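Note that the structure is predicted; figures quoted are calculated from it, not measured. Naming convention: chains lettered A, B, ... in sequence-line order (proteins, then strands); numbering from 1 in each chain. Just the heavy atoms: all of them, side chains too, but no hydrogens, waters or symmetry mates, feed the values below.
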2 protein chains.
Amino acid sequence: MNWLEFRPMEICTEDRTNACTEVAERAWVQLIRAHRSTLSKVERALRAADLPPLEWYDVLLELERGGPLRPRDLQDRLLLAQYNLSRLIDRMASAGVVERERCSEDARCQWVRATPKGEALRKSMWPIYAGAIREAVQSKLTPSQARQIGDLLERLSSCPATCG
Amino acid sequence: MNWLEFRPMEICTEDRTNACTEVAERAWVQLIRAHRSTLSKVERALRAADLPPLEWYDVLLELERGGPLRPRDLQDRLLLAQYNLSRLIDRMASAGVVERERCSEDARCQWVRATPKGEALRKSMWPIYAGAIREAVQSKLTPSQARQIGDLLERLSSCPATCG
DNA sequence: TAAATATATATGCACTTGCATTGAATGGAG
DNA sequence: CTCCATTCAATGCAAGTGCATATATATTTA
């Protein structure tokens, strides 16, 4: 839809019938805010250190942990969109930090693995990344609070099947 | 830096000396995951309903709450980058949902206000937005947990001055 | 086995974002 | 009052993102 053409039609009344919705709403707003606030700092720290964006770290870490993975696997683990991941791997392959390899069993698939250069890059990103996390999280929360928030946030990204 | 040219140099050892860092790290990872998981769903729901992105709602809500605001004010409240907000207001003004007005006291500034059309748009977005929040948050957390997570997340986006 | 359906990945295109910079106006120091 | 540093906002350009779709292969169905 072209938003230049928006015309108001139906005025829906707001439905905030119970407190349950209000706390959920507040949690939502704070999630957005916390994310905007912290992520931008971390990304800036990486850029300032002439390092690539966060996703590179995430991909490299998954690949080092899990041996070669298919893009599809990375997609699930990192919650990235298929087309974004495809191009992210393009860029990382161009930079020589990952390699694609044909998958013999299923020609639709491919194996992606980190190169030694990729592992070195990930390691060189870690101090900056860790520092930014310390700044963004550790300086604002006690260890107990951090543990708690980790637990609660995990529920938000869990799939419906497992958490009801 | 051009990442096509990256060459590994210094291999920094990872520094995870204490459990404090580990919980902070986990909180960080879960924050990213929760955000990716929930935001994409909400944005998709809005798109599917032929509605503009989330930021439009946020801007309109702030404007309705706080009377006309300067872009600078919105920037602080919504934690958006200056250049992004500038163009967001461009788009919203083109769509006729906000208006810019010259500020007489300070010619650098401007007042941005929601038009009736803008208010109608915000109201029409709310049911979709609320439904998506219910789906993303309310279905995964008890009210008590939602309240708790709201409190904890708020600390993450608070400025250093106020939270030490 | 042929056809239909499903899965894994890539890509054209329009739009959005980030960085760096610019332009304009204000406020303060000398 | 003039110069300079600061603040508010806009913009050119390169890069990233989302949608829709394309391409290729695998799996299921008839």
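Each of B/C109 and A/S104 was assigned the nucleotide of DNA chain D with the nearest heavy atom; the assignment lying further toward the 5' end belongs to B/C109. Between A/A81 and A/R102, the residue anchored nearer the 5' end of DNA chain D, judged by the nucleotide with its closest heavy atom, is A/A81. Sequence order on DNA chain C of the closest nucleotides to A/R44 and A/D73 puts A/D73 first from the 5' end.
Between the OH atom of A/Y83 and the P atom of C/dA14 there is a distance of 17 Å, given to the nearest Å. Whole-Å rounding puts the B/R91 CZ to D/dT11 C1' distance at 14 Å. The distance from atom CG of B/N84 to atom P of C/dA20 is 14 Å, rounded to the nearest whole Å. Nucleotide C/dG18 holds its P atom 10 Å from the CD atom of B/E55, rounded to whole Å. Here C/dT26 presents its C1' atom at 13 Å from CZ of B/R70, a figure rounded to the nearest Å. At whole-Å resolution of the value, CG in A/L51 and P in C/dG18 are 18 Å apart. For B/R47 and C/dT16, the CZ to C1' distance is 10 Å, given to the nearest whole Å. In this entry the distance linking CG of B/D106 with P of D/dT6 reads 17 Å, nearest Å.
Counting distance only, with no hydrogens placed and no angle test, the side-chain atoms of B/R87 and the base atoms of C/dG18 include a donor-acceptor pair under 3.5 Å. Interface remark: the A/R108 side chain does not form any donor-acceptor pair with the C/dT9 base, using a distance-only criterion of under 3.5 Å. For a distance-only test at 3.5 Å, the side chain of B/Q82 qualifies as a donor-acceptor partner of the base of D/dA10.
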query: Can B/R72 and B/D76 be said to form a salt bridge (charged side-chain N to carboxylate O under 4.0 Å, His left out), step by step?
result: CA-CA 7 Å; B/R72 179 62 227 236; B/D76 291 341; 3.0 Å; yes
message: One pair to check against salt bridge (charged side-chain N to carboxylate O under 4.0 Å, His left out): A/D106 and A/R70. What are the steps and the verdict?
response: CA-CA 11 Å; A/D106 187 337; A/R70 300 169 305 163; 5.9 Å; no
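B/L79 and B/I89 end up in different hydrophobic clusters when Ile, Leu, Val, Met, Phe, Trp and Tyr side chains are linked at under 4.5 Å.
Ionic pairing of A/R33 and B/E154 is not present here: no N-O contact between side-chain nitrogen and carboxylate oxygen is shorter than 4.0 angstrom.
Considering only side-chain N and O atoms, A/Q110 lies under 4.0 angstrom from the phosphate OP1 or OP2 of C/dA10.
With A/Q145 contributing its side chain and A/T142 its backbone, the two residues share a donor-acceptor pair below 3.5 Å.
Across all strands shown, A/E43 has no heavy atoms under 4.0 Å from either base or sugar-phosphate atoms.
Of the listed nucleotides (C/dT9, C/dT16, D/dT11), D/dT11 has the atom at the smallest distance from the side chain of B/S86.
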